[in-house]
Number of protein chains: 2
Amino acid sequence: MEPTPPTSPVASELHAASAPGAAIFGRSRALRPTGKVLPEHARTHNRALVLQTLYTAGAQSRADVARGTGLTRVTISDLVGDLIAEGLVIELGQREDARPGKPATLIDIDREAFHIIGVDLSEHEVFRGAVVGLDGQIIGRDEVARDGATAEAAELLVEQLVERLLARTTTPVLGIGIGSPGVVDEHGVVRSAPNLGWSDVALQDRIGARFALPVHVANDANVAVLAEHGSSHHDDLLLVKVGHGVGAGLIIGGRPAVGGGFAAGEIGHVVVGTDGGPRCACGKDGCLEAWLAVPRLTAQLAELDGAGRTAASARDDILREAGRRLGIVLAPVVGALNLSEVVLSGPTQLLDGPLHEATVDTLRTRTMAEFNRDLRLRMTEHGQDIVLRGAAVMVLSGQLGVS
Amino acid sequence: MEPTPPTSPVASELHAASAPGAAIFGRSRALRPTGKVLPEHARTHNRALVLQTLYTAGAQSRADVARGTGLTRVTISDLVGDLIAEGLVIELGQREDARPGKPATLIDIDREAFHIIGVDLSEHEVFRGAVVGLDGQIIGRDEVARDGATAEAAELLVEQLVERLLARTTTPVLGIGIGSPGVVDEHGVVRSAPNLGWSDVALQDRIGARFALPVHVANDANVAVLAEHGSSHHDDLLLVKVGHGVGAGLIIGGRPAVGGGFAAGEIGHVVVGTDGGPRCACGKDGCLEAWLAVPRLTAQLAELDGAGRTAASARDDILREAGRRLGIVLAPVVGALNLSEVVLSGPTQLLDGPLHEATVDTLRTRTMAEFNRDLRLRMTEHGQDIVLRGAAVMVLSGQLGVS
DNA sequence: GTTTGTTCGTAAGGTTTACTAACAAACGTG
DNA sequence: CACGTTTGTTAGTAAACCTTACGAACAAAC
């Protein structure tokens with residue numbers, strides 16, 4: 001019954017008195033900034049709806065779009081007129097196939113009209129970037145070696161990389177998307193990225209001011225899950241990104257989860273199981289990262305090699321145990337959120353095999369089959385480019401409302 | 001690399017081919033039913049915004065509401081005119097305090113104009129219900145003994161309880177909110193509630209047809225977290241409801257999480273730890289419910305008493321271990337979602353004490369302090385009425401857009 | 001070849017919504 | 001008492017989407 005000391009990161013407020021006179025529901029809560037809705041906002045929404053329809057279903061007639069959206073042909077013609085004037089949509093000529101009635105004029109998003117810059121800062125040795133098309137196709141790549149650069153030097157490298165990528169674009173640029181390690185807030189400020197020596201770095205503002213383009217910045221795993229959501233039909237999914245560290249990105253009910261402190265997905269330092277485990281850099285024993293991070297796994301496998309040609313099963317045992325640990329951490333999350341899809345991203349030779357199998361097995365034995373029958377666990381199909389493509393999705397979503 | 005058998009609840013789709021010709025992002029996904037936005041929808045939104053403002057901040061002038069919402073005085077007058085005509089808002093006369101300018105006419109939601117019926121089906125022996133005011137105050141209670149009724153008999157009991165509650169109302173009824181155990185879908189169909197012998201019971205339609213009133217049905221824990229969200233200023237919170245079983249409700253980014261299969265929050269049968277545990281009714285060993293459910297805890301404590309007057313520390317040990325197990329399951333969820341608040345609901349004499357302390361301790365030692373510094377773990381302040389009040393919030397939110 | 005029915009895209013006119021501008025009423029202040 | 005301030009309403013305007021109507025262009029049936 002004693003309150004825990006206030007120094008504790010998890011403090012109890014059991015006995016905190018509520019404000020006197022406050023209503024039972026809601027009155028004490030800060031006013032929600034839901035915001036008014038003006039006619040022009042409705043227009044913006046419907047405009048995005050047209051783009052989304054074209055983006056998702058491809059070239060079609062105005063009448064098709066009208067049927068798809070529920071708006072009238074008249075309104076669609078009006079909206080499409082705007083979009084054509086802006087260069088976002090083009091007419092493709094008449095439909096070929098033979099059917100009764102006036103032949104339709106096909107329209108589509110001009111998928112060659114804009115380029116997007118995607119940047120991935122999540123790798124340890126190199127900053128990678130790409131020029132990405134509206135469809136997600138990678139048009140050109142570039143990268144800069146990091147050479148241990150931190151703080152201002154690292155920021156300069158990002159600028160340099162973006163500049164080189166912009167030089168390669170041949171059409172107007174829709175925006176710049178950046179996936180950064182660490183905790184990133186809603187304004188694209190990197191609150192904390194220890195690896196890069198960043199703390200409260202206003203990357204979005206800086207890059208935006210430098211290149212006069214829309215910029216979106218988010219955590220690398222949160223960016224990666226956007227790429228996965230784009231190519232999945234699930235609206236509740238989790239992506240686990242295994243690299244130098246272990247992080248996750250979540251989509252819940254079709255929307256990215258950010259978390260109260262912008263640290264959603266930070267599962268690398270959650271302790272796994274009740275039987276200890278390897279000592280982690282953070283000081284605790286048995287963190288997920290201590291079991292699963294790539295350096296840890298490769299080191300363990302290298303030890304095996306050093307001890308002579310052991311049976312392949314020893315290698316498999318190591319990977320299987322890592323997979324089991326991942327499953328143990330994921331089980332409560334899968335259960336609590338009733339996820340329908342979990343995706344793994346990272347080195348295929350490590351993740352795709354015994355590790356993956358063990359995770360599947362562990363999830364199966366530790367969750368309720370009845371509720372999670374539809375759950376799928378799979379490797380990403382985006383490979384190494386997942387953050388680059390996710391960054392493009394982020395820009396697409398932010399600038400056009402398409403996602 | 002072998003795909004797991006299709007009978008497995010967690011199946012691998014590692015090698016599933018994507019549809020040929022599908023675009024890299026999105027094209028393969030089903031068209032999102034985002035929906036068009038018409039001017040009247042904007043109107044509805046702004047109307048709800050006015051109600052929300054009044055509900056949250058209390059009586060004020062039209063001009064105050066205009067400043068609070070960002071809409072103009074003219075628009076607010078128009079909207080308020082509608083609301084007064086509908087009987088939702090009333091004029092309270094002129095403001096008393098002395099200041100320059102024309103004296104303001106105070107308006108407020110007519111908090112006595114409507115009653116809400118709240119029903120809680122989560123208890124084992126009894127169905128409880130209440131007439132609830134718009135502010136959440138409980139105006140009258142009623143209950144029916146369940147006597148083990150299941151299937152149709154249980155449905156009839158619900159109808160009977162609602163009928164008796166309606167007879168007690170003295171004003172028009174805004175709607176009926178029901179918190180049911182089991183899995184409930186978006187249309188208020190109880191997909192599965194083993195305790196009540198329900199399977200695909202269209203409770204919302206049935207009660208709605210019987211009483212010709214708006215009805216909202218959801219899972220009991222998901223309903224309970226609405227009550228908690230109403231009196232909290234956190235937009236990422238989890239409520240753990242400990243009773244005959246163990247369930248949870250989540251609010252993520254201010255919205256309730258429902259899950260792909262409508263089973264979000266079902267954490268009772270997630271296995272805890274890596275050291276076995278008590279056999280659970282579901283067949284697995286060491287489910288959270290096997291550690292934490294009230295029958296299990298009381299049985300363990302009763303065994304103690306039977307063995308003679310043991311030290312109080314033995315009782316504390318049992319509760320502490322249960323709390324530790326809860327912390328172990330919650331740690332990955334708290335980490336993944338970066339929750340800012342976790343609330344416990346259930347018997348105070350069991351939860352509020354060593355159990356609570358142990359959960360706090362365990363969460364502290366198993367998550368990253370840096371990310372979860374602001375996390376609070378506390379008992380609910382709604383006590384036994386949490387589902388009844390949550391049901392009222394659900395109706396308020398569904399019918400008026402107020403939450 | 002003609003008629004019929006269908007489909008597409010556009011034009012005209014009406015309704016809803018929220019805005020700006022302007023004003024009367026009612027108050028405190030100097 | 002003149003003046004500035006605040007409130008709430010009236011009048012007119014702009015934006016957005018709707019319904020209705022129509023010409024153009026086609027397939028199918030006669």
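Throughout, a chain's letter reflects where its sequence line sits, starting with A, and its residues are numbered from 1.
- Within the 4.0 Å cut-off from OP1 or OP2 of C:dA18, not a single side-chain nitrogen or oxygen of B:T72 is found.
- Nucleotide D:dC30 forms a pair with C:dG1, judged by Watson-Crick or G-U wobble geometry with both contacts under 3.5 Å.
- In the displayed structure, A:R210 atom CZ is contacted under 6.0 Å by more than 12 heavy atoms of other residues, nucleotides or ligands.
- B:R43 has no side-chain polar atom (N or O) that falls below the 4.0 Å cut-off from OP1 or OP2 of C:dT16.
- We find that CG of B:L49 is positioned 11 Å from P of C:dA18, with the value rounded to whole Å.
- For the pair B:L71 CG and C:dT20 P, the interatomic distance rounds to 11 Å; values are reported in whole Å.
- Distance CG/B:L226 to CD1/B:I251: 5.0 Å, rounded to 0.5 Å.
- Note on A:T75: every side-chain N or O is 4.0 Å or more away from OP1 and OP2 of D:dA16.
- Going from atom CD of A:E40 over to atom P of C:dC19 covers 9 Å, rounded to whole Å.
- In this structure, A:I107 atom CD1 and C:dG9 atom P are separated by 8 Å, rounded to whole Å.
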(request) Heavy atoms under 4.0 Å is the rule here; annotate nucleotides 8-13 of chain D 5' to 3' with B where the base is hit, S where only the sugar-phosphate is, and - elsewhere. (result) BBBB--

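- Under 4.0 angstrom from either OP1 or OP2 of C:dA18 there lies at least one side-chain N or O belonging to B:N46.
- In this view, B:E86 and B:R47 satisfy the side-chain hydrogen bond (donor to acceptor under 3.5 Å, both in side chains) rule, not counting sequence neighbours.
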(request) Please test A:L174 against A:L400 for side chain to side chain contact (heavy atoms under 4.5 Å, CB included), starting from the C-alpha separation and ending with a verdict. (result) CA-CA 9 Å; A:L174 191 62; A:L400 304 184; 4.0 Å; yes

(request) Please report the C-alpha distance between B:V119 and B:I207 in whole Å, then the side-chain angles of each, then the deciding distance to 0.1 Å, and finally whether the side chain to side chain contact (heavy atoms under 4.5 Å, CB included) criterion is met. (result) CA-CA 12 Å; B:V119 176; B:I207 304 292; over 6 Å; no

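- Between the C1' atom of C:dC19 and the NE2 atom of A:H41 lies a distance of 13 Å, rounded to the nearest Å.
- Take A:T75 and apply the side-chain hydrogen bond (donor to acceptor under 3.5 Å, both in side chains) test, not counting sequence neighbours, and it matches A:T72.
- A distance-only check finds no donor-acceptor pair linking the side chain of B:K36 to the backbone of A:L71 [under 3.5 Å].
- Rounded to whole angstrom, the span from the CD atom of A:Q94 across to the P atom of C:dT7 amounts to 17 Å.
- Among the atoms of the strands shown, only primed sugar atoms or phosphate atoms (P, OP1, OP2) are found under 4.0 Å from some heavy atom of B:R67.
- For A:H45 and D:dA16, the NE2 to P distance is 15 Å, given to the nearest whole Å.
- What separates CG of B:L79 from C1' of C:dT17 is a distance of 9 Å, to the nearest Å.
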